[in-house]
Number of protein chains: 2
Amino acid sequence: MADHVKTKSRKDRIMEAALRIFAEKTFQDATISEISKESGVSEATIYEYFGTKEDLLFAIPEKITTDNLKDYQLVLPFIKDVEGRMRAILLSYVQLYQSNSHYSALVLLQLMSNKRFRQTDAHAAIRLAAHGLLDCIREGIANGTFRKDADAYLIRSILMGTIEHLFIHWHMQGMPKREKTIVDMLDPFLELVLSGIRTKRDEQGLTLNLKLEDANALAQLLRLNEILPESLKQKVNGRKKSNKQ
Amino acid sequence: MADHVKTKSRKDRIMEAALRIFAEKTFQDATISEISKESGVSEATIYEYFGTKEDLLFAIPEKITTDNLKDYQLVLPFIKDVEGRMRAILLSYVQLYQSNSHYSALVLLQLMSNKRFRQTDAHAAIRLAAHGLLDCIREGIANGTFRKDADAYLIRSILMGTIEHLFIHWHMQGMPKREKTIVDMLDPFLELVLSGIRTKRDEQGLTLNLKLEDANALAQLLRLNEILPESLKQKVNGRKKSNKQ
DNA sequence: TACACTATCAGAGTCAGACTGTCAAGAATT
DNA sequence: AATTCTTGACAGTCTGACTCTGATAGTGTA
């Protein structure tokens, strides 16, 4: 079977053409004959590879899903820090869209509006994000990183909904051309959300209160926890050193 | 023309049937003959009222839009407080979905995935939310309520994207049946987002930074540090005095 | 009552486009 | 060369959007 290469490239050509056409038209407005012309592959062959037009639409997410998603999945279990893991998941999710920013959001929207898609949750990247984030948030609540009263489902919806909304409306009217990419916005965004659900400072204050005997230990803990802004940490550091001297 | 009533009820019957069927199927899977049977109105008459099947789909948002949306629009200019105005906009947006929670999110998704809809931004409620929120955020930044470096577009995407995401996935697998409604979740959600962009926290950081002399004072401050700003300054002031004594 | 006018409908018909089946040509494999 | 697989051209089926026509029934008017 040495024609794997050829076969694959033909299938790829169909899907690339389909991706382009589905993005610029609606699902029902895009015709197979158009995709046939665009890809240079006959209609019959398209039906050879994809049983129905809908199957062709559903094959696209797997194509969009870049290899780095797999990398992320491999790396994920090794990130102990809950927030770090959430960041990695979101980053993989954003990069998935970003890598095909002209098409993916629009095509994904068509997929989402399809009942079959909604029922099966067929997209690996979406599954990863949806389940992975939920697990992280729950773990964070369990281990005290996040507040007990944080609503895991709400937080997940904030994280995923915002990313999706940004991409869907990225090229729309009322959205300016921006110098920033969505990847650039990820960290400020994540920080905004996480700062809203981290255990409150006064709760931390209580724990600190119980465990700490002197101000030195507090300073160390502070540095480790990185609760405070950079400027403050430096001040604590400097103070500690001068104390020991 | 005394048959306005009759005419209107017929049109309504068509749209109600269409709403139900578009929600349970895809746009392309829903057939006019089906809507004809469901509504008890002949196909020919459906085409009398709505030129095309797509027109019928696009007529639905106007039907979904509840009257209270108009009330909100009237009230809006009288709410001086920026955050209050944002809350009102979001509430009207949420209630739009909530009022037809079985259908509206799904149908709206189909609308959004339609190019025509994306280009025209045709839904009054979406227009209100999109433009209104942006104005509020900008005003908040201008008058010092929100931080100068807050990204208005990002904040708007957080607010609208989350609401949309919640409704779209409300009936999906992996989302539990919940006792809370989305309206109930609005205030905690909004508070989470707003607390991340209010000016107060930054200023806190700065004041703390300036006033600290040693690790001891830092520890005391931390214990006292509750996120609310007014109480903080008072307590810090008090503590400082007692130190000096 | 007769007449005109409108809303509605059934049914027949057009047409585009998804999908199938067939066969022939060519490429790869044996 | 023979065989098998892949591909494409083409013809054809079928479904569903949309149109047209003429009938019916209700309503208002002379």
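A, B, ... follow the sequence lines: proteins, then strands. Residue 1 opens every chain. Below, each value reflects all heavy atoms present in this structure, side chains not excepted, and no hydrogens, waters or symmetry copies.
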Within residues 14-34 of chain B, residues whose heavy atoms come under 4.0 Å of DNA chain D: B:Ala30, B:Thr31, B:Ile32
Partner set under side-chain contact (heavy atoms from CB on, under 4.5 Å) for B:Ala18, not counting sequence neighbours: B:Phe22, B:Ile35, B:Leu56, B:Ile60
Any donor-acceptor N or O pair under 3.5 Å, side chains A:Tyr93, A:Gln98: no
Short N-O contact, A:Arg85 and A:Asp135, less than 4.0 angstrom: no
Atom pair distance, as rounded to whole Å: CD in A:Glu43 and P in D:dG8: 12 Å
For atom CG of B:Leu57 and atom P of D:dC18, their distance in whole Å: 12 Å
Angle between terminal axes - the helix from C:dT1-D:dA30 to C:dT30-D:dA1, 5 pairs each end, rounded to 10°: 0°
Protein-nucleotide distance (B:Lys53, atom NZ; D:dG16, atom P), rounded to Å: 9 Å
Got a list of protein N/O to nucleotides 24-26 of chain C N/O distances below 3.5 Å?
none

Whether A:Ser157 side chain and A:Tyr153 backbone form a donor-acceptor pair below 3.5 Å: yes
Side chain to side chain donor-acceptor pair (under 3.5 Å) against B:Glu54, all qualifying residues, sequence neighbours excluded: B:Asn114, B:Arg116
Short side-chain N/O contact from B:Arg10 to OP1 or OP2 of C:dT8, under 4.0 Å: yes
Side-chain N or O of B:Tyr47 closer than 4.0 Å to phosphate OP1/OP2 of C:dC9: no
Length of the line joining A:Phe50:CZ and C:dT20:C1', which is rounded to integer Å: 18 Å
Donor-acceptor pair, side chain of B:Arg156 and main chain of B:Ala130, under 3.5 angstrom: yes
Whole-Å gap separating P (C:dG11) and NZ (B:Lys37): 12 Å
All side-chain contact (heavy atoms from CB on, under 4.5 Å) counterparts of B:Arg20, not counting sequence neighbours: B:Glu16, B:Glu38, B:Tyr103
For the student: nearest non-hydrogen atoms of B:Gly196 and A:Leu192, plus distance: CA-CG, 4.0 Å
Distance below 4.0 Å between B:Ser42 side-chain N/O and C:dC9 OP1 or OP2: yes
Cationic N near anionic O, under 4.0 Å, B:Arg198 to B:Glu191: yes
